[in-house]
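Everything numeric here is computed off the predicted structure, so don't read it as measured data.
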Amino acid sequence: MRIQFKKKMKIFLFFFSIIQATVCLTRFTVPESAQIGFRIGWISGKQEESVAPKYFVVFPDEQTSKFLKVDERSGEISTIAHLDYEKRSKFEIVAVRVEEFGETIDILVEVDDENDNVPSFADSNVKFEISEFAQLGTSFALPTVSDGDGPKFDVHRFVILQGNVNNVFKITARKVNEQLQADLFVNGQLDREFRDKYELLIEAQDGGKPAKTGQLRCSIEIVDANDNAPVFTRSRYTASVSANVSIGSNIITVQATDADIGENSRISYEIKKTSSPSNSNFAISPSGVITTTSSLLPASTHDVIVVASDHGNPPLSSSAVVTISVMGSTLASPPLDIIWLVESNSAHLPENTTLGSIVARVSIAQMYRDTKLRLLGTSSLCPQQTDQSHVYLLLLCGILDRETTSEYHLKFLLEKDGQMIIEHPQLLTIGDINDNAPQWHSSQIHISLNRTQGGSRTLTAKDPDLGQNGWIRYSVLDTDLVSIDKETGRIFVPNTIDCNIGSEIKFRVRAEDGGNPALSTDLQVIADLLDSESRPPQFERALWQVEISEDTPVGTCLVKLTVLFFSQKVGY
């Protein structure tokens, strides 16, 4: 057998050296759930009958031969072990025809991913203590969730299944290091006197049909204390560094502020621990300075989650993402010099930036000046070459809308003769302006209110803008018979309404956001006034039966009816 193998090897090398140009690629797909012995296919596309071997098969690595088998006579490719997409998604084999001038066939066997993993949170239970005065938009990072499947069947969305009374919380998700990170946001007014605890059941759903799910129980306690969480000056920071930056070098400084005083306003920073290796590459000082702790790979990008916590009891926290792009070369000077010609002096554009504006100047380094610049990642920015061939101006050529797209992952490409030479990543964030007025579910609503003091009903509007631009305050117009809680939209009767007013009143409720200038929308309200908080009077019995003689005198009392009145407070 050893001698035969050597002869075959010599034949293979001879054919390969003489006719190496006759190469073709054959591609196969196999489900990862395929049983041992599963026939993937034939090299030629059909079964071949031969006594002598028709192919000489080479496995480039030892692992491939442990999973796949190729019959040298028939050309059949089959499995000899269980496959796992998450461990290996493709195998490569080389087959050389013994006859027909030694044609070389490259065989690619791709494993088709199946939804065989369930989303799993790093912690199945989490607890938060949230001030009843937490501002709308305050965020809390939820435990990371993992799913062993590929992108098609990875985690796609998060939902709150139960416990979200009055919709006071919402979940938003964002990609961090190709992993979906969920944050819990305060979406409505919290009131400890109304409700001091929330038990949320949060579900992560993958991309399967039907989806597989993982659940997280989130216990929230509403407390009276430290009522301002730290607020970062930006929700996302960006920085670019050279690949040969020294360990310990300062990369960027993040900053958060806290409106409280004393210990409640003293802030500490930390880098959130996730499954991403980016954590081990950076550290952050108490003052918010991010530094390197290890060497960085050229042309790599790192998303680091920074958490700012105050020293209140209990402490409040918020998070921001810092995207650090490493230049694609180890040279000290970067291939591109990008100067953002906007107020922020960084890759951050307000969504109302004027079309046609010059937003950045891009210069190509001396050693790359024989290349051309191309931009990927958005059609809203157009590079325009100047009289100097190595200098480009970046023009805004499309409308920006933060509510549709809040960030763009740009790639500046330097190309020469149609080939990419350098790739320079850049994250562009879009700043919010107050371009959305609060929206009611409908323009008019019909409700019922008790005439007596205290009866109430809550009306809420929504605003898709961010931060203060999306904070809503309520007011009542056209009447002083009802009042409204400006924070929650709870309408109530401050004083008993006189019966002479009638059975109906009409007024408007205005929802106004916190922008400058503010935008507002009115809701027309028709309120039916109930005469009391009592239930309608009821007879003691629903049916009365009386027998009388035909000669009963006129005026005789036949039956005495009793009417019952109930005094029960009703809330709306």
Side-chain angles (χ1 to χ4, degrees), residues 130-139 160 163-172 184-198 200 220 222 224 227-228 403 432 434-497 504-530 533 569-572:
I130 304 178
S131 166
E132 65 173 327
F133 299 117
Q135 296 180 354
L136 298 181
T138 302
S139 63
I160 302 177
N164 195 15
V165 179
N166 290 341
N167 197 33
V168 294
F169 298 102
K170 70 176 180 180
I171 291 181
T172 62
L184 186 70
F185 277 78
V186 176
N187 188 52
Q189 189 69 33
L190 301 176
D191 186 348
R192 189 188 66 84
E193 287 69 35
F194 169 72
R195 191 179 188 89
D196 61 356
K197 290 183 180 179
Y198 292 85
L200 304 183
I220 300 173
I222 309 301
D224 280 321
D227 58 351
N228 285 283
E403 284 71 37
D432 185 54
N434 193 27
D435 57 346
N436 289 282
Q439 295 296 317
W440 297 98
H441 180 68
S442 61
S443 60
Q444 181 175 296
I445 190 173
H446 205 130
I447 65 174
S448 298
L449 287 175
N450 290 324
R451 291 182 183 274
T452 52
Q453 182 177 354
S456 67
R457 170 73 181 268
T458 299
L459 303 175
T460 56
K462 294 184 178 180
D463 192 321
D465 288 322
L466 190 65
Q468 186 169 336
N469 291 335
W471 295 349
I472 298 176
R473 299 293 182 269
Y474 301 93
S475 59
V476 171
L477 307 177
D478 308 326
T479 184
D480 57 359
L481 298 176
V482 297
S483 297
I484 192 168
D485 187 314
K486 66 178 182 179
E487 302 288 343
T488 65
R490 184 178 67 90
I491 295 176
F492 58 96
V493 178
N495 300 294
T496 300
I497 300 176
E504 179 185 277
I505 59 173
K506 295 181 180 180
F507 56 92
R508 288 177 295 159
V509 174
R510 174 164 295 175
E512 184 178 80
D513 62 29
N516 185 18
L519 300 177
S520 63
T521 307
D522 293 345
L523 172 68
Q524 184 67 46
V525 180
I526 302 174
D528 292 329
L529 300 178
L530 305 182
E533 292 185 306
K569 188 176 182 179
V570 180
Y572 294 87

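Of all heavy-atom pairs spanning R451 and V493, the tightest one is O-CG1, 3.6 Å. Taking each heavy atom of V186 and Q135 in turn, the nearest pair found is CB-O, 3.8 Å. Across all their heavy atoms, Y474 and A461 have their closest contact at OH-N, 3.0 Å. Looking at every heavy atom in both residues, Q444 comes nearest to L523 through N-CD1, 3.7 Å. Across all non-hydrogen atoms, the minimal contact from A527 to F507 is CB-CE2, 4.1 Å. Shown here for D522 and W440, the closest heavy-atom pair between the two residues is C-NE1, 3.7 Å.
Side chains of L449 and L530 form no contact here, defined as non-hydrogen atoms less than 4.5 Å apart. Counting heavy atoms from C-beta outward, L136 and I472 have side chains that stay 4.5 Å or more apart. N187 places none of its side-chain heavy atoms less than 4.5 Å from the side chain of K462. With contacts defined as side-chain heavy-atom distances shorter than 4.5 Å, the pair I526/I447 does not qualify. When side chains are defined from C-beta on, R508 does not count as touching V476, because their heavy atoms never get closer than 4.5 Å.
In this structure, the separation between OG1 on T460 and CZ on R490 is 14.0 Å, given to the nearest 0.5 Å. One distance of note links CD1 of I220 with CD1 of I130; it measures 4.5 Å at 0.5 Å rounding. Here the CG-OG distance, from L477 to S520, works out to 8.5 Å after rounding to the nearest 0.5 Å. In this structure, the separation between CD1 on I222 and CG on L190 is 4.5 Å, given to the nearest 0.5 Å. Interatomic distance, CD of E512 versus CG of D463, reported as 11.0 Å (0.5 Å rounding). The CD1 atom of I171 sits 12.5 Å away from atom OG of S139, with the distance rounded to the nearest 0.5 Å.
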> Given the rule in the side-chain contact (heavy atoms from CB on, under 4.5 Å) test, do V525 and V482 qualify, once you have shown the distances and angles that lead to the verdict?
Replying inline: CA-CA 11 Å; V525 180; V482 297; over 6 Å; no

> So L529 and E504, side-chain contact (heavy atoms from CB on, under 4.5 Å) or not? Walk me through it.
Replying inline: CA-CA 6 Å; L529 300 178; E504 179 185 277; over 6 Å; no

> Checking side-chain contact (heavy atoms from CB on, under 4.5 Å) for the pair Q468/N516: CA distance, chi angles, key distance, verdict?
Replying inline: CA-CA 9 Å; Q468 186 169 336; N516 185 18; over 6 Å; no

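Looking at N434, N469, T521 one by one, the single match for side chain to side chain donor-acceptor pair (under 3.5 Å) with D513 turns out to be N434.
Applying the side-chain contact (heavy atoms from CB on, under 4.5 Å) criterion to L481, with sequence neighbours excluded, gives T479, I497, I501, I505. With sequence neighbours left out, the side-chain hydrogen bond (donor to acceptor under 3.5 Å, both in side chains) criterion links N166 to no other residue.
With no hydrogens or angles considered, a side-chain donor-acceptor pair links D465 and N436 at under 3.5 Å.
A 6.0 Å sphere centred on NE2 of H446 holds more than 12 heavy atoms belonging to other residues, nucleotides or ligands.
A distance below 6.0 Å separates the ring centres of Y198 and F169.
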